[in-house]
Amino acid sequence: MSKENENETEEAVKADSEIKNEKAEKAADKAAVKPAAGANTKKSPETEGEKQADEKPKRKRRVRRKTEGTDAGAKEEQPEAAKSAAASAAVTAARPAHRSSGRKAKVKSTKNEHLPVRIIPLGGLEQIGMNMTAFEYGDSIIVVDCGLAFPEDDMLGVDLVLPDTTFLEENLKKVKGFVITHGHEDHIGAIPYVLKKVNVPIYATRLTMGLIESKLTEHDMMNMVTRNVVQYGDVVTLGDFKVEFIRTNHSISDSAALAVSCPAGVIVHTGDFKVDFTPVYGDPINLQRFGELGHQGVLALLCDSTNVLRPGFTSSEKTIGKVFEKIFSENQESRLIIATFASNVDRVQQIINTAVQYHRKVCVEGRSMVNIINVAQELGYLRIPDGVLIQTEEMINYRPREIVLITTGSQGETMAALSRMAADLHRKVQINPGDVVVFSSNPIPGNEKSVAKVINELGMKGAKVIFQDTHVSGHACQEEIKLIYTLVKPKYAFPVHGEYRHLQGQHDLVKLLGYDEDHIIMAKSGDVVELTDEEAKIVDHVQAGRIMVDGLGVGDVGNIVLRDRQNLAENGIVIVVMTLQKYTGNLVAGPDIISRGFVYVREAEDLLDEAHSVVEKTVDECLVRRISDWSKIKNLIKDDLSEYFWKKMHRHPVILPIIMEEHG
């Protein structure tokens, strides 16, 4: 064979080898990315980005092999048999079953394939509010919601209550982000406080993010936090988790359920929801997607329990519009004051629509109400015709029949606008005889007394109060909860969002659907719930509790401080001031006794004179017994005075001895 023919043969073999290599790699890649049967093939932006990132190195490898082959040919001619063996080895190396490199990302994503997923409620169980749940798989943690709670009656001086985030702080490197279901305070209120310690990206729908940004602006944190706005149907990848946002209905727009996927399975979190086929804004809940997830297989369902004790279905928000029309029609000569939740944008929209229909101007009172209306209007979730909204100061220019005032205070909060109006403490609005006040809400459990007090005060000022049939809930009742379980068909039921009686109510409800005790998870805040296909069990407990906010102080008020405040509120304080000589311990001045919140001094002079004698006697005994330690002297004074006051008054005031020293 001539040398020219040999060169042509070598080039043909070389080209044939390269073609085989390329075909084998394409076949391997196609097999690697082929979805499993029944899997959701919708691609998120992250998936497309990963594919492009994977393709670029492949092209470089092909170029590199071609260059290496050319260099080898230049140095030394290979026999045809050797070249054929090399080509065969290259094809074998390209097969998926034997590839040792080039798909490292795929190997990494399946390294935790047999690990269980852990669900750790950090709040939202045993109470209404403070919702926060962590999901952990391998080296990834995501957090669903970040809410606060409002103080209970015995939390004197406390402004807000936050969940304890010690677990997240200790595992900060694992935390990939917060995913938020909707914009109510019990789901977003703690964000500015928590992000100061756990600063990770936030993912939320448009209105929810607008309300979050309003809070971050107030705390001067906008430049510190990464914010990501998502739409329904979007899937975000956070470590080993993929989170899909699903449309639901609630008493605030842009509410979402979450489908949380990881190698252990799919977990659906409903968020706060109800089934509303005629919502005021947007479309009905996406029941089809819940059914699709159920068909594919769901490991667990975390379901809202708030209204589980109520039979039937929750009424549509639109039904309240007809109630407002009736109230406006029957009270056309009166000024209307309507109190509702600030975040209920759909309710506010219906009030505005009815006001426009009856040619009334609308005023808004309450800082939170003003902030939320501004955000909702800017983002297009609230439509207010020009000239309808006026400032509260402008009300004097209109007759009562031309005014509607939308305000906060439907829960009887002491500092809310309506409560201050009822107590004659509001600077701009006074309640007049003939005013009609509408409570467009139901009292949250625990607020009944506060609401009743405000209603009584309004009635005493001559106002007509309407509070029946003026509210529909934003939470699912029994039949809606059954519907979601029937569609999703989870392996495990996990009641969330409610007091114990609500969680137990959902427990009993799902038993009617055929679930046994082994497949219903009754957890407490801080429990670490471990889920696999085989079992669900509580394996550990992490620190969880309440962090109290008092003014600018976060966490500096604990149970001991609250106990002292409670004692001061119930029994008052007695302060004993005296001066002792430094070296002898003799009483130089005092004791002076000051009472606050215990007895009225002018009407209890005899009692305080006797208390003065008790203290003098105690100090004399200390001198006789040569007790010079001031802490011991103070304790003896407290014990003797406490015993005296109990015998005389059956009270236990806080007793605070103060000893000063004379150096003369």
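Quick caveat, the model's predicted, so the values are computed rather than measured.
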Angle between ring planes, Tyr193 versus His219, binned at 30° and 60°: parallel, tilted or perpendicular? perpendicular

Exactly one of Val117, Ile120, Val539, Ile538 clears side-chain contact (heavy atoms from CB on, under 4.5 Å) with Val529, and that residue is Ile538

Taking atom [atom1] of [X] and atom [atom2] of [Y], what is their separation to the nearest 0.5 Å?
| X | Y | atom1 | atom2 | answer |
| --- | --- | --- | --- | --- |
| Leu503 | His507 | CG | NE2 | 11.0 Å |
| Leu531 | Ile267 | CG | CD1 | 5.5 Å |
| Cys303 | Glu480 | SG | CD | 10.0 Å |

Quick one: do [X] and [Y] make a salt bridge, cutoff under 4.0 Å?
| X | Y | value |
| --- | --- | --- |
| Glu126 | Lys524 | no |
| Glu530 | Arg118 | yes |
| Glu185 | Lys215 | yes |

Please examine the side chains of [Y] and [X], heavy atoms only from C-beta on, and report whether any two atoms are closer than 4.5 Å.
| X | Y | result |
| --- | --- | --- |
| Leu302 | Phe135 | yes |
| Arg206 | Leu379 | yes |
| Leu168 | Lys174 | no |
| Lys274 | Val472 | yes |
| Leu509 | Ile481 | yes |

Would Val143 and Met132 satisfy side-chain contact (heavy atoms from CB on, under 4.5 Å), going step by step from the backbone distance to the final call? CA-CA 7 Å; Val143 187; Met132 178 183 282; 3.6 Å; yes

Is the backbone N or O of [Y] less than 3.5 Å from a side-chain atom of [X], with the two atoms forming a donor-acceptor pair by type?
| X | Y | value |
| --- | --- | --- |
| Ser473 | His475 | yes |
| Arg227 | Met222 | yes |
| Glu317 | Asp346 | no |

Residues His182 and Asp254: side-chain donor-acceptor under 3.5 angstrom: no

Answer with yes or no after comparing the ring centroid distance for Phe273 and His250 against a 6.0 Å cut-off, counting only values under it. no

Start with the C-alpha distance between Tyr281 and Tyr381, add both sets of side-chain angles, then the distance that settles ring pair (Phe, Tyr, Trp, His ring centres under 6.0 Å), and finish with yes or no. CA-CA 8 Å; Tyr281 183 93; Tyr381 291 85; 5.0 Å; yes

Closest non-hydrogen atom pair, Pro121 against Phe494: CG-CZ, 4.0 Å

Any chance you could lay out the side-chain contact (heavy atoms from CB on, under 4.5 Å) test for Arg501 and Gln504, step after step, and finish with the verdict? CA-CA 5 Å; Arg501 61 193 177 101; Gln504 184 64 42; 5.7 Å; no

What's the verdict on side-chain contact (heavy atoms from CB on, under 4.5 Å) for Leu258 and Glu244, showing C-alpha distance, side-chain angles and the deciding distance? CA-CA 6 Å; Leu258 305 173; Glu244 178 184 353; over 6 Å; no

